Amino acid sequence: MNVFWPPVMTVLAAAGAILLTAAGAAHAARPREHRAVLRTHRLLPPASTAFVAAATAGAELAVGVAVLAALVTAPSAVVLPVAAQAVVYCAFAGYAALLRTRRAGVPCGCFGAGKVSWVVVSRAVTLSAGSAGCAAAGAVEPVPDRWSCVAAGVVLAMANHLIPFWREGGGRKSGRAG
């Protein structure tokens with residue numbers, strides 16, 4: 001196996017875990033908004049949106065925290081949490097692709113995306129593949145330096161938000177003096 005693959009997959013898994021944890025915390029803090037976005041999607045039965053909103057927020061938090069904890073404290077136990085993360089991101093990719101195909105133009109409800117887009121789908125696919133790769137490479141020796149990989153994942157996760165922020169003019173409203 002190429003010596004670069006385990007660290008790259010670990011970085012993607014760490015970035016995905018950071019994004020999942022932050023998304024789960026945001027969804028748990030604002031459950032009404034999360035339910036409203038799911039109702040706007042109109043892909044789920046209306047009676048199930050409250051359950052799905054709570055379940056996704058809980059799954060995001062549980063899986064994200066489990067992956068981060070395993071990466072930094074017990075690298076040998078990382079396989080199961082990152083495999084679960086791969087499944088979560090795969091489900092998100094499928095949902096986003098279905099949403100983009102059937103209801104393009106609705107709000108995404110995910111980080112840095114006003115509307116659901118193919119970028120959102122490809123991000124979920126990339127994070128799913130990275131997590132699956134980390135699960136597959138988890139038993140590879142020597143274990144890559146997980147702290148460096150987690151730090152790189154933090155940078156990647158932050159870039160996920162800062163780049164759209166900079167493109168929008170740094171958050172300044174148009175018409176206001178800078």
Side-chain angles (χ1 to χ4, degrees), residues 1-31 33-35 37-38 48 50-99 108-113 119-165:
M1 175 180 282
N2 187 313
V3 1
F4 295 108
W5 281 113
V8 168
M9 297 301 131
T10 304
V11 167
L12 287 172
I18 291 162
L19 292 175
L20 270 186
T21 303
H27 290 149
R30 295 185 301 276
E33 291 177 21
H34 188 44
R35 288 190 306 265
V37 168
L38 290 175
S48 70
F51 172 76
V52 171
T56 56
E60 288 167 337
L61 277 170
V63 171
V65 168
V67 169
L68 288 173
L71 284 173
V72 298
T73 63
S76 61
V78 79
V79 174
L80 185 60
V82 292
Q85 181 170 282
V87 170
V88 168
Y89 273 115
C90 189
F92 286 166
Y95 184 86
L98 184 63
L99 187 60
C108 179
C110 50
F111 287 118
V119 171
V120 170
V121 175
S122 63
R123 177 180 58 201
V125 167
T126 300
L127 294 173
S128 178
S131 297
C134 185
V140 173
E141 294 294 333
V143 175
D145 179 10
R146 302 288 178 168
W147 283 104
S148 298
C149 292
V150 170
V154 168
V155 171
L156 188 60
M158 288 172 42
N160 181 64
H161 296 293
L162 291 177
I163 291 170
F165 181 74

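Position 1 is the first residue of the sequence; numbering continues from there. Note that these values count all heavy atoms, side chains included, but never hydrogens, waters or copies made by symmetry. Worth saying up front: this structure is predicted, and the values here are computed from it rather than measured.
- The side-chain heavy atoms of T56 and H34, taken from C-beta on, include a pair separated by under 4.5 Å.
- Closest heavy-atom contact between A13 and L71: C-CD1, 4.5 Å.
- T126 places a side-chain N or O within 3.5 Å of a backbone atom of S122 that can act as its donor or acceptor partner.
- Between the side chain of Y89 and the main chain of G16, a donor-acceptor pair closer than 3.5 Å is present.
- Among all heavy-atom pairs drawn from H27 and A57, the shortest one is CB-CB, 3.8 Å.
- Here the side chain of S131 pairs no donor or acceptor atom with the backbone of A83 at under 3.5 angstrom.
- Taking each heavy atom of V78 and A70 in turn, the nearest pair found is CA-CB, 3.9 Å.
- Looking at every heavy atom in both residues, C108 comes nearest to V120 through SG-CG1, 3.8 Å.
- With T21 as the fixed residue, the side chain to side chain contact (heavy atoms under 4.5 Å, CB included) test singles out one of L68, V67, V63: L68.
- With rounding to the nearest 0.5 Å, the separation of CZ in R35 from CZ in R30 is 13.0 Å.
- The side-chain heavy atoms of R123 and F92, taken from C-beta on, include no pair separated by under 4.5 Å.
- Here the shortest heavy-atom pairing between A25 and L61 reads N-CD2, 3.6 Å.
- For the pair L20 and G64, the tightest heavy-atom approach, listed with the atom from each and the gap, is CB-CA, 4.1 Å.
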